[in-house]
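Here is the structure we will look at, set down as C-alpha cells.
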Protein chains: 2
Amino acid sequence: MTTTPDHAAAATPSATDLLRGRGLRVTAARTAALDALEANPHADTDTLVRVVRERLGTVSVQAVYDVLRVLTEHGLVHRIEPAGHPARYERRVGDNHHHVVCRGCGAVADVDCAVGHAPCLVPSATHGFRIETAEVTYWGLCPRCAG
Amino acid sequence: MTTTPDHAAAATPSATDLLRGRGLRVTAARTAALDALEANPHADTDTLVRVVRERLGTVSVQAVYDVLRVLTEHGLVHRIEPAGHPARYERRVGDNHHHVVCRGCGAVADVDCAVGHAPCLVPSATHGFRIETAEVTYWGLCPRCAG
DNA sequence: CACATGATCTGGAATGATTCCAGTGATGGA
DNA sequence: TCCATCACTGGAATCATTCCAGATCATGTG
C-alpha cells in the first residue's frame, strides 16, 4: 500500500500540518521559523532571523517577531525569558519541563522535574492567588564555562 | 544600663548599619532606597525613584539604578525579573523563597517552598551543568484580578 | 576639624529588544 | 479564478536599562 509519508509518521507532524491543525495560515515565514526552531532549540529571535533568512533569502525582523508571537499564542512554541537575556523559544510544549541557564554564556538546556509529579508546583501559602503554572529556572555554569 | 536602641534591636538593622556592614559608603540615595524598599516590597525601579524623590526631593533616575545595582551586587537586596515586566527588588534575601506573579496586574507576592527542604532544587538530569541556584516563579491571578 | 582621594550622583545620550503603524502582498474560501 | 482578510515590509517609536564625562560628596588621614 502507498501511504503518504505524512500519514506514516504521525510522531513529528510537519510544520504545515501543525499550522493547519490550529487553523493558521501556512506561510513561508511560519514554516521556516518552525523548522529553524526544530533545529535550534532555545534559539533567540536574532538567531531565528538569521536561520530563516538562510532559507528564505529575505525576511523582515518584524515578520519573525510576529510569527513567534502567533506561534506562542497558539501553543505551537513556548517562550522563555531568562533574566538579563532576550527571549528564547522552543518547540517542546505541553509537558512540564524546566530550564537551566548558564550564567557565563547564556546557554539553555532542558531539565525534567526531579521528583515524581511536580511537587514543587504546590506552594505552601498562595496569598489568595489562583495559581495556574509554575516555572523553574536553574542557574549555573555549562560544561564549557565551568572549565 | 543605657543601651542604645541600635544595640537593643538587632532584628532589623538600620539602612546605615547594613551599608556599613558591607563596607559601603552611606549616602542619602542608598539609605532612602533601602527604606523605600522596606516599605514597598517587590517595587520596580520606577516606583522606587518616586518614593525616594518624595523623601529626598531630587534624585536622578541613574542614581537609583546605580544604587540598586550596588545593593544587589552586595547582597543587600534581591532582584527579580518576571518575564514581560521590569525588574523588581526586595529586601528579603538569604532565604530560599519564591514568587507568584499576577498575569493580570503584575502584582508579586512571596511564596515559601512547599515541601520541606527544597526538593524542587534538585533536578534530575543536569546536562553537565554545575547548578548553583534555582528560582521558581508561579504565575496566576491575584485575588483582585481573579474577580 | 580641614583636606585629599576616590567613589557617587547628575544630565544627557545611546543601546538593545520589542512593539506600533500604514501600506503592499500573499493565502485560502466562495 | 476572485476577493476579503490576514500576513509581511519598512520605518519609526517605545521602554527599560546602560554608558559617559563632569560635578559633588563621603570617608580616612593629618
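It should be emphasised that the depicted structure is a prediction, and the values quoted were computed from it without experimental measurement. Per chain, numbering begins at 1; letters A, B, ... match sequence-line order.
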Given DNA chain D, 5'-ward residue of the pair A:Val59 and B:Arg20, judged by closest heavy atom: A:Val59

Rounded distance (Å) that lies between atom P of C:dA17 and atom OH of A:Tyr89: 12 Å

Over 12 non-hydrogen atoms of neighbours within 6.0 angstrom of CZ in A:Arg92: yes

Separation of atom CG in A:Asp66 from atom C1' in D:dC6, rounded to whole Å: 10 Å

Transitive ILVMFWY side-chain link B:Tyr65 to B:Ile80, under 4.5 Å: no

Nearest-nucleotide pick for B:Pro86, side chain only, options being D:dT17, C:dT8, D:dC8: D:dT17

d(CD, A:Glu73; P, D:dA7) in whole Å: 10 Å

Residue whose closest nucleotide on DNA chain C lies nearer the 5' end, B:Ala28 versus B:Arg25: B:Arg25

Closest to the B:Val26 side chain, choosing from C:dT8, D:dT27, C:dT18: D:dT27

Any donor-acceptor N or O pair under 3.5 Å, side chains B:His42, B:Asp110: yes

Option passing side-chain contact (heavy atoms from CB on, under 4.5 Å) with B:Thr47 (candidates B:Val49, B:Thr45, B:Asp44): B:Asp44

Protein-nucleotide distance (A:His85, atom NE2; C:dA17, atom P), rounded to Å: 12 Å

C:dT18 phosphate, OP1 or OP2, under 4.0 Å from A:Thr45 side-chain N/O: yes

Sugar-phosphate only, base, or nothing, as touched by A:Val61 at under 4.0 Å among non-hydrogen atoms: nothing

A:Gln62 CD to C:dT24 P, straight-line distance once rounded to whole Å: 17 Å

Donor + acceptor pair across side chains of B:Arg103, A:Thr133 (<3.5 Å): yes

Separation of atom CG in B:Leu68 from atom P in D:dT17, rounded to whole Å: 10 Å

Short side-chain N/O contact to D:dC8 OP1/OP2 from A:Thr27, under 4.0 Å: yes

Quiz item: B:Arg69 side-chain donor-acceptor pair to D:dT18 base, under 3.5 Å: no

Rounded distance (Å) that lies between atom P of C:dT15 and atom CG of A:Asp46: 16 Å

Spacing of B:Glu81 atom CD relative to D:dT18 atom P, expressed in whole Å: 9 Å

